[in-house]
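Below: the structure, in structure tokens.
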Amino acid sequence: MATYRISRINKEFLRLISDMLANRVKDDYAAMAVLTEVSVSRDLSHARVWYTLIDTGKRGSVQSALDKAAAPLRAMLGKELHLRTIPELHFLFDDSEEKARAMDALLDSVAELDARMRAKGDAK
């Protein structure tokens with residue numbers, strides 16, 4: 001479980017990295033990423049930055065752009081934050097929205113099948 005300090009750092013990193021990707025990083029592919037969550041390790045050595053995309057077809061290009069932007073972002077974070085160590089940034093694609101859509105489709109098909117079965121039972 002994250003401590004209060006770590007959760008504050010996570011929120012601040014999310015806010016700062018989102019702003020930096022939108023305004024300071026000059027790569028259009030990196031700016032396409034919509035950050036969803038940041039998870040910093042307890043020793044502040046690593047930070048997982050979860051992102052999603054509106055157009056998932058450009059996932060490879062965006063991932064490589066984010067990987068290239070990780071070092072400059074880390075340097076910018078070092079200038080903005082007053083922390084002894086700035087974590088190494090690891091960008092990961094957040095596919096939870098796709099999984100949620102698939103689960104909704106499954107639930108809809110089960111509900112439709114249930115309605116058909118009830119209609120057959122009422123007809124008899």
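Residue Thr52 holds its OG1 atom at 8.5 Å from CG of Asp95, rounded to the nearest 0.5 Å. With rounding to the nearest 0.5 angstrom, the CG atom of Leu53 is 9.0 Å from the CD atom of Gln63. To the nearest 0.5 Å, the span separating OG1 on Thr3 from CZ on Arg8 amounts to 9.0 Å. Note: Leu81 CG to Leu44 CG = 10.5 Å, rounded to the nearest 0.5 Å. Separation of atoms CG (Leu92) and OH (Tyr51) is listed at 8.0 Å; rounding is to 0.5 Å. In this structure, CE in Met103 is found 12.5 Å from OG in Ser96, a value given to the nearest 0.5 Å.
Residues forming a salt bridge (charged side-chain N to carboxylate O under 4.0 Å, His left out) with Asp114 (at least two apart in sequence, or on another chain): Arg118.
Note: the hydrophobic cluster containing Ile17 does not contain Trp50 (ILVMFWY, side chain heavy atoms under 4.5 Å, direct or indirect links). Taken together through direct or relayed side-chain contacts under 4.5 Å among Ile, Leu, Val, Met, Phe, Trp and Tyr, Leu16 and Leu83 form part of one hydrophobic cluster.
Between Arg101 and Glu98 there is no salt bridge, since none of the side-chain N atoms of the basic residue sits less than 4.0 Å from a carboxylate O of the acidic one.
Side chain of Ser18 to main chain of Arg15: no donor-acceptor pair is present (N/O by atom type, distance under 3.5 Å, no hydrogens or angles).
Heavy-atom contacts from other residues, nucleotides or ligands closer than 6.0 Å to CD1 of Ile54 number 12 or fewer.
You'll find the side chain of Leu73 stays beyond 4.5 Å of the side chain of Phe13, heavy atoms only. Residues Leu77 and Met20 meet the side-chain proximity criterion, which asks for heavy atoms closer than 4.5 Å. Within the 4.5 Å cutoff, no side-chain heavy atoms of Leu89 are placed close to those of Val38.
Counting only residues at least two apart or on different chains, the side-chain hydrogen bond (donor to acceptor under 3.5 Å, both in side chains) pairs with a member in residues 25-39 are Thr36-Asp94. The salt bridge (Lys or Arg N to Asp or Glu O under 4.0 Å) analysis of residues 66-85, with sequence neighbours excluded, yields the pairs Arg24-Glu80.
Here the shortest heavy-atom pairing between Ile6 and Ser41 reads CD1-O, 4.0 Å. Nearest approach of Ile86 to Gly78, heavy atoms of both residues: CG1-CA, 3.6 Å.
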